[in-house]
Q: 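Got a structure for you, questions after.
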Amino acid sequence: MDRLTRVPGLLYGGDWNPEQWPEEVWAQDVELMAEAGVNLVTVGVFSWARLQPDAHRWDFGWLDRLLDLVHRHGIAVDLATATASPPAWLVRAHPDLLPVTADGVRLEFGSRQHYCPSSPAYRAAAVRLTRRLAERYHGHPALALWHVHNEYGDHVQECFCAGSAADFRRWLRQRHGTVEELNRSWGTAFWSQRYNSFDQVEPPRTAPGPVNPTQLLDWRRFCSDALLALHRAEKAVLDEVSPGVPVTTNFMSMLKALDYWEWSRYEDFVSDDAYPDPADPRAHVNAAMNYDLMRSLKAGRPWLLMEQAPSAVSWRPVNVPKRPDLYRLWSLQALARGADGVLHFQWRASVAGAEKFHSAMLPHRGTAGRGWQRTVALGAELRRLGEVAGSRIRGQVGVLLDWDSWWALELDDHPSARMRWPDLLRPWYAALYERGVTVGFLPPTAGYEGYRLLLAPNLYLLDTATAERLTGYVHGGGHLVCGPFSGITDRHDHIHPGGHPGPLRALLGLVVDEHWPIPDGEATIVRLDGTDRDAEPHPELRAEHWSEWIEPEGAETVARYTSGELAGRPAVTRHRHGTGSAWYLSCHLGPDTGPVLDLALTESGAGPELPGLPEGVEATRRRAADGTAYLFLLNHGPAEARVPLARPGTDLLTGTELLTGTDLLTGTDLHTGSATGTTLTLAPLGAAVLRLPAPEERP
Ligand code: GAL
């Protein structure tokens, strides 16, 4: 069984900041944790100043007592290395440890995450603290998991100080070898930017005009690597001193600053912090996308929701609370998409500090109000779902995501500043989500086998080797749908010569004559030609922000522009290669992307998890090693939803057997209408988790 930690079942708990409270309160805390079914607490995330009051003093006594107390109550600990907020004494001893902005402003002490990623003083102190913690607690019976640092890339993602500049130069030397190669890669013949030696190179600080794009791209790569080097330094200590105890750091969903494909190689499992906004009616779609990514980062292994808010956060301009049923639904959604636990920020609400208005599992009002009931109720439900832990999900459609390409796409001085990766990806993902198709994300370097349909909403930066692999995939019978402004540059962000989409030209069977961005507020109409759907009306779609003048070179036209300068020209094409096909969308169709993806879905044979789902219902299927399936059904809609089920099962949340085809709400027998079917009624924001026995084990 694929378990995250030695703790059985699903993990439930949250960040606990006991240093904010007198010890009498701890005793009450652990009693209440046990009552709520908490089995894992994250301790010490911001405890550095308490653990090491100055350069020569350590204070572990309180943590010893705390871990013993927690253990006596049968609760396990996710022990943080406490390195995300260096104490004042360390900062004053090493003022150059504070990060510097691109404008040269040194950020002050008094918040958190105030460290330069390249600072030797910070790194040495962080590693020393990690070692002390590991040496002291590696054998403690409460220890189940190490939590490195906290949210790398939160608040500070880059530093422009002299130390960072030196580190950048070291990194550049390693990447490029010689200054000639750096000049070639950065295209420094342009604007007289040539360097005679690495010593002349600086980070891309604020400059009079546009900065060299490859310098900026290398800077993005370097900044991700610099933070990763810190993480690896702490992880190496934990692996050495505390072998066998898993190590993770909490990711921040789809974060531009960090190449999580690279980062996840150094995680024992992936964990994520997710704060969907209850005020956003589409927040659950975005959350599903992030969760699919988290699951995909380790090829489908279960992951951990390390932080979510029980209700409101405190850092938005307006912090709308979560209704208790929404809280329950969104917690179950993480499980539905492969999480093996639901943890929170935080256990007990703070009374001081910047987060005192942030919701908590144990609110300011204590156990009296709805907040506490919510905490106890979810704990009980997660216990009922314990057997789901370790089961896995398989995505039906692969989506390519490449941080290098993301970074390069969003550099300045492009044909349109509207081409942002999240804006391009979201409508494609939403179209699949609405059709009930589960997505697995892939780095371009992955093996594509196992997916009949691959989507690349954008591959602006694409090296020839990846293009060749994509070509091989399609020649082998795969189906690829590629979005606009793809195949433009190589890994140095130099344009592929000979016409766009460069190395994809033969595969897609077309050449782009000219990019044709659409001004804000305007749209170009696109009409499906209907080659595959003669009997159906041909829908009109709206292209926004982007279109292209393309000339087919073997590709057939699937949709045309019918308005504007490009009227009559191809907008969407398909190039068949044997049984495989390569599709190209030359425009940004936004919310109208779905009808085009429908064509590719039909052609590839990829389909929804559960056909015929009512609107607003999300369905995913987790499978255990023994073949048992867990069908998650989540109703995000405001109305009751009736879900037809082909197979009987047991709702683990209620214990209800659906073997007789009984409508859960009305109690009526539903077999009268259908010999085999069962209908399940989900309340608004309601959910069910059905255990479906392995087919061969069914009576
Ligand atoms: C997270 C962070 C936590 C807490 C939380 C509040 O980003 O890791 O420490 O600040 O946000 O929502």
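Order of listing sets the numbers, starting from 1, for every ligand and every atom in it. For the numbers below, each heavy atom of this structure counts, side chains included, while hydrogens, waters and symmetry mates do not.
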Q: Just to verify, what does Asp325 make a salt bridge (Lys or Arg N to Asp or Glu O under 4.0 Å) with, not counting sequence neighbours?
A: Arg323

Q: Verify the ring-centre separation between Phe441 and Trp261: is it less than 6.0 angstrom?
A: no

Q: Hey, what polar pairs (N/O, under 3.5 Å) does ligand 1 make with protein?
A:
from     : atom 1 : to     : atom 2 : distance (Å)
ligand 1 : 7 (O)  : Glu151 : OE1    : 2.5
ligand 1 : 7 (O)  : Glu151 : OE2    : 2.8
ligand 1 : 8 (O)  : Asn150 : ND2    : 2.9
ligand 1 : 8 (O)  : Glu151 : OE1    : 3.2
ligand 1 : 8 (O)  : Glu151 : OE2    : 3.3
ligand 1 : 8 (O)  : Glu307 : OE1    : 3.1
ligand 1 : 8 (O)  : Glu307 : OE2    : 2.8
ligand 1 : 9 (O)  : Arg112 : NH1    : 2.9
ligand 1 : 10 (O) : Arg112 : NH1    : 3.1
ligand 1 : 10 (O) : Arg112 : NH2    : 2.9
ligand 1 : 10 (O) : Glu355 : OE1    : 3.4
ligand 1 : 10 (O) : Glu355 : OE2    : 2.3
ligand 1 : 12 (O) : Trp315 : NE1    : 2.7
ligand 1 : 12 (O) : His358 : NE2    : 2.7

Q: Would Glu355 and Ser350 count as having a side-chain donor-acceptor pair, cut-off 3.5 Å?
A: no

Q: Looking at Arg370, I'd like to know if its CZ atom is crowded, meaning that more than 12 non-hydrogen atoms belonging to other residues, nucleotides or ligands lie closer than 6.0 Å.
A: no

Q: Parallel, tilted or perpendicular: which fits the ring planes of Trp403 and Trp406, with parallel below 30° and perpendicular above 60°?
A: tilted

Q: Please report whether the ring centroid of His231 lies less than 6.0 Å from that of Tyr266.
A: no

